[in-house]
Amino acid sequence: MTDYASAYRDLRTRVLELLRSRDAAALDVIAPATPEWRVRDIVAHLAGVCDDIAHGNLEGVASDEWTEVQVEKRRGWDLDALLADWETNGAVVEAMMNDFPPIAVGQMTFDATTHEQDLRGALGAPGGRESDSLAIAYDWAVDRLGERLDAAGNAPMRFETESGTRVAGTGDADATTTLRSSRFDVLRSMSGRRSVAQVEALDWNTAPRPADLLLADFFVPPTADLLE
């Protein structure tokens with residue numbers, strides 16, 4: 001059984017330690033991966049997700065509007081208040097996580113993992129790339145990408161990473177495209193955190209498929225390369 005709670009707790013602990021090692025000015029650093037958000041806005045979202053789940057505020061869950069309320073509510077908070085909020089409500093949610101439907105808790109882990117890396121990119125502090133949360137996020141994302149490829153009638157994709165081989169999609173096996181890369185770079189590409197040029201430069205066995213690699217329509221690759 002996948003221990004989502006432990007993986008999320010470890011992620012939250014890593015990020016809290018990272019942020020506590022920085023001064024208040026770090027909160028206003030723009031995150032290159034999410035240029036519409038500063039570090040504080042990413043933390044507000046992460047804390048807000050736990051707050052909303054802990055208190056049953058799930059109307060419009062995962063929508064832009066739901067997320068924006070989380071950020072706006074915490075816009076004037078200082079670092080200590082933001083981190084205490086996430087710590088308090090995170091502990092409540094972690095006690096329930098392993099009882100959540102796998103598709104829902106997988107999405108939560110994928111979102112938190114994505115934003116952990118957004119924060120690390122903003123602060124120049126790589127880490128968490130071999131974590132349980134990243135492994136869970138990767139497996140969840142490959143499954144969802146397979147559903148997306150099948151729904152569009154697109155050929156499958158095979159991923160050969162340090163953790164082995166995974167195939168997304170159930171279409172024509174003879175048309176399968178193979179991508180050899182790290183789980184980290186596959187995840188960052190799936191979430192629109194790599195430029196088209198960066199994705200095309202990865203190790204493909206045939207013509208690159210950057211558009212098919214995106215996990216959702218709202219993930220838009222940056223025009224300039226994102227280096228992390």
(request) Please answer whether the main-chain N or O of Gly127 pairs with a side-chain N or O of Gln117 as donor and acceptor at a distance below 3.5 Å. (result) yes

(request) May I ask you to check whether Arg158 and Thr178 show a side-chain donor-acceptor distance below 3.5 Å? (result) yes

(message) Would you say CD of Glu36 has more than 12 non-hydrogen atoms from neighbouring residues, nucleotides or ligands within 6.0 angstrom?
(response) yes

(message) Is any side-chain heavy atom of Trp37 closer than 4.5 Å to one of Ile30?
(response) no

(message) Rounded to the nearest 0.5 Å, what separates atom CD in Glu160 from atom OG in Ser181?
(response) 11.0 Å

(message) Ser163: which residues meet the side-chain hydrogen bond (donor to acceptor under 3.5 Å, both in side chains) condition with it, sequence neighbours left out?
(response) Thr161

(request) First locate atom CE of Met157, then atom CG of Leu149, and finally report the distance between them rounded to the nearest 0.5 Å. (result) 5.5 Å

(message) My understanding is that only residues two or more places apart in sequence, or in another chain, count here; which of them pass salt bridge (charged side-chain N to carboxylate O under 4.0 Å, His left out) with Arg166?
(response) Asp139, Asp143

(request) Check whether any side-chain heavy atom of Asp64 sits under 4.5 Å from a side-chain heavy atom of Phe218, and report yes or no. (result) no

(request) Measure the spacing between CD of Glu116 and CG of Asp10 and express it to the nearest 0.5 Å. (result) 10.0 Å

(request) Only one of Arg120, Arg129, Arg188 passes side-chain hydrogen bond (donor to acceptor under 3.5 Å, both in side chains) with Glu228; say which it is. (result) Arg188

(request) Taking atom types as modelled, find out whether Thr170 and Asp150 have a side-chain donor-acceptor pair closer than 3.5 angstrom. (result) yes

(message) Nearest 0.5 angstrom please: Gln198 CD to Ser195 OG, how far?
(response) 4.0 Å

(request) Starting at CE of Met190, measure out to OH of Tyr138 and round the result to the nearest 0.5 Å. (result) 6.5 Å

Identify each donor-acceptor pair in which a side-chain atom of residues 40-51 lies under 3.5 Å from a protein atom, sequence neighbours left out, and give them as a table.
from, atom 1, to, atom 2, distance (Å)
Arg40, NH1, Arg75, O, 3.2
Arg40, NH1, Trp77, O, 2.8
Arg40, NH2, Trp77, O, 2.9
Asp41, OD1, Arg38, NH2, 3.4
Asp41, OD2, Arg38, N, 2.9
Asp41, OD2, Arg38, NE, 3.3
His45, ND1, Gln70, OE1, 2.9
His45, NE2, Asp111, OD2, 2.9
Asp51, OD1, His55, ND1, 2.8
Asp51, OD2, Lys73, NZ, 2.9
Asp51, OD2, Arg74, NH2, 2.7

